[in-house]
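Values below: every heavy atom of this structure, side chains too, minus hydrogens, waters and symmetry copies. Remember, it's 1-based here, ligands and their atoms both numbered in the order they're listed.
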Amino acid sequence: MTRERIVAKPRLLVPQTAGFVYCPGCHEPLVAKAIAEVLDELEMGDSAVGVFDIGCSSFLLGILDIDSVLGPHGRPPDMATAIKHIYPNNVVFTVQGDGGLLSIGADPLMGALARAEKITIIMINNAVYGTTGGQMAPTSLAGQKTTTTPGGRDVSKHGFPVHAAEMIATFKGTAYSVRCAVNNPYNYGQTRECLKTAFAKQMRGVGLSFVEVLSACPSNWHLSPADALRWIEEGLMLEFPLGEFKNVDKIE
Ligand SMILES: Cc1ncc(C[n+]2csc(CCOP(=O)(O)OP(=O)(O)O)c2C)c(N)n1
Ligand code: SF4
Ligand SMILES: [Mg+2]
């Protein structure tokens, strides 16, 4: 009987011999795996450049086996812009947290959107500042307890959650804007398809592409990995519905 290998470690993932840096139940490694699989499938591993932000996405530097650089907090869209202008034939993407992209990095994001840069921005929406201990992020839900909102996010004082994928879709220079999740095999597969589309829009020079991924942070949600998985569906997805908010092949 011949045996066919149907599952293997993605080629572009670096073996974590010294231990794994992500917390148990974190979804960011799944996003890394999806990126690695898609780049390999598209044969873009040698030409991809990842620009990672300060935050838990900085761990991707040692996880994805591609050319990559770490930006000052919030600045990856500026760095990706520069890299893309110098190397227009390479696929250039950022991976950033919701804090990094939408609060300290709001200015670089706005600039890249306004200029319609041909880059891909991937945002991990875990509804907190994960790395620094679970402070309120722009995406924290109304009523969500965080270290800076111990009584729960009070929208009359702290404002409302920011819907990045919907907002980015309103920019003329955006070719593609989508919200995904990796909480079950079906959604993981969809995320892979979204990443493929986002990279394709960039390489066809259509415009900026954006992929938001809902991602569990069990450590700062103070939930077990299993309960965190449930809260993705019962909490986050109610505020942040999955779906495509823009998908065009030409910007006119
Ligand atoms: C200029 C600057 N300001 C603040 C910090 C502290 N800091 C590091 S990571 C972080 C927040 C990260 O949250 P997010 O971007 O949501 O990423 P996550 O860790 O949740 O993946 C902050 C405020 C910093 N490193 N540099
Ligand atoms: S702090 Fe949260 S986002 Fe960061 S590695 Fe741990 S679970 Fe993941
Ligand atoms: Mg975050």
Side-chain angles (χ1 to χ4, degrees), residues 13-14 16 18-35 50-64 68-80 93-110 112 121-141 144-149 153 158-159 161-165 167-168 179-183 188 191 210-232 235-237 239-240:
L13 281 186
V14 178
Q16 301 298 293
F20 201 56
V21 283
Y22 283 102
C23 309
C26 179
H27 283 187
E28 284 208 35
L30 289 170
V31 182
K33 183 166 178 272
I35 294 171
V51 186
F52 308 133
D53 203 356
I54 304 297
C56 292
S57 31
S58 62
F59 299 142
L60 295 181
L61 277 179
I63 287 181
L64 285 178
S68 54
V69 61
L70 184 65
H73 200 20
R75 273 53 189 170
D78 290 340
M79 297 174 69
F93 66 97
T94 74
V95 183
Q96 306 178 247
D98 37 12
L101 187 71
L102 300 173
S103 47
I104 192 170
D107 176 3
L109 170 65
M110 204 55 69
I121 296 177
I122 300 168
M123 186 188 89
I124 308 288
N125 180 350
N126 58 13
V128 281
Y129 286 9
T131 322
T132 42
Q135 294 86 358
M136 190 190 91
T139 47
S140 299
L141 302 192
Q144 186 179 333
K145 287 191 175 145
T146 69
T147 50
T148 46
T149 56
R153 182 176 187 161
H158 314 124
V162 175
H163 291 74
M167 177 188 76
I168 288 170
R179 181 177 296 114
C180 311
V182 288
N183 63 314
Y188 179 83
T191 299
F210 177 72
V211 180
E212 173 176 342
V213 189
L214 302 183
S215 181
C217 177
S219 303
N220 289 299
W221 294 355
H222 306 289
L223 295 175
S224 67
D227 287 342
L229 202 56
R230 270 189 284 281
W231 196 68
I232 293 263
L236 268 195
M237 275 185 198
E239 178 70 33
F240 298 111

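- When all heavy atoms are compared, the tightest approach of F52 to P76 is O-CG, 3.9 Å.
- A donor-acceptor contact under 3.5 angstrom links the side chains of Y129 and S103, judged on distance only.
- Around atom 2 (Fe) of ligand 2, protein N, O or S atoms at less than 2.8 Å number 1.
- In this structure, L61 and S68 approach most closely via the heavy-atom pair CD2-OG, 3.4 Å.
- The distance criterion of under 3.5 Å between nitrogen or oxygen atoms is met by T131 with respect to ligand 1.
- Scanning the protein heavy atoms around atom 16 (O) of ligand 1, the nearest turns out to be D98 OD1, 2.5 Å.
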Show your working on side-chain contact (heavy atoms from CB on, under 4.5 Å) between I63 and F20 and close with a plain yes or no. CA-CA 10 Å; I63 287 181; F20 201 56; 4.3 Å; yes
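- When every heavy atom of E212 is checked against every heavy atom of R179, the shortest pair comes out as OE2-NE, 2.9 Å.
- A perpendicular orientation is assigned to the rings of W221 and W231, their planes being inclined by more than 60° (bins at 30° and 60°).
- Of all the atoms in ligand 1, the ones that sit under 4.0 Å from a non-hydrogen atom of V128 are 16 (O), 20 (O).
- Here the heavy atom of the protein found nearest to atom 6 (C) of ligand 1 is T132 CG2, 4.0 Å.
- For the pair E239 (side chain) and L141 (backbone), a donor-acceptor distance under 3.5 Å is absent.
- Closest approach of I54 to P72, counting heavy atoms only: CG1-C, 4.1 Å.
- Of all the atoms in ligand 1, the ones that sit under 4.0 Å from a non-hydrogen atom of E28 are 21 (O).
- Taking every non-hydrogen atom of G99 and a distance limit under 4.0 Å, the qualifying atoms of ligand 1 come out as 14 (P), 15 (O), 16 (O).
- The contact set between ligand 1 and I54, taken as ligand atoms under 4.0 Å from a residue heavy atom, comprises 8 (C), 9 (S), 25 (N).
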Check the pair T139, L102 against side-chain contact (heavy atoms from CB on, under 4.5 Å), reporting the backbone distance first and the verdict last. CA-CA 8 Å; T139 47; L102 300 173; 3.9 Å; yes
How far apart are the C-alpha atoms of T148 and H158, what are their side-chain angles, what is the distance that settles it, and do they pass the side-chain contact (heavy atoms from CB on, under 4.5 Å) test? CA-CA 10 Å; T148 46; H158 314 124; over 6 Å; no
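- The minimum heavy-atom distance between A137 and A127, with the atom names listed, is CB-C, 4.0 Å.
- Closest to atom 18 (P) of ligand 1, if we only count protein heavy atoms, is G130 N, 3.6 Å.
- Atoms of ligand 1 found under 4.0 Å from any heavy atom of G55, numbered from 1 in the order shown, are 9 (S), 19 (O).
- Of all atoms in ligand 1, listed by their number and element, those nearer than 4.0 Å to a heavy atom of N126 are 18 (P), 20 (O), 21 (O).
- With respect to atom 4 (C) of ligand 1, the closest heavy atom belonging to the protein is H73 CD2, 3.8 Å.
- What sits closest to atom 13 (O) of ligand 1 on the protein, heavy atoms only, is Y129 CA, 3.4 Å.
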Do I168 and L109 pass the side-chain contact (heavy atoms from CB on, under 4.5 Å) test, and can you show the C-alpha distance, the side-chain angles, and the key distance before you say yes or no? CA-CA 9 Å; I168 288 170; L109 170 65; 4.1 Å; yes
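- Among protein heavy atoms, the minimum distance from atom 17 (O) of ligand 1 is reached at G97 CA, 3.6 Å.
- Scanning the protein heavy atoms around atom 15 (O) of ligand 1, the nearest turns out to be G100 N, 2.6 Å.
- With hydrogens left out, the protein atom closest to atom 1 (C) of ligand 1 is I104 CD1, 3.6 Å, a heavy atom.
- The shortest non-hydrogen separation linking G71 to D53 is O-OD1, 4.2 Å.
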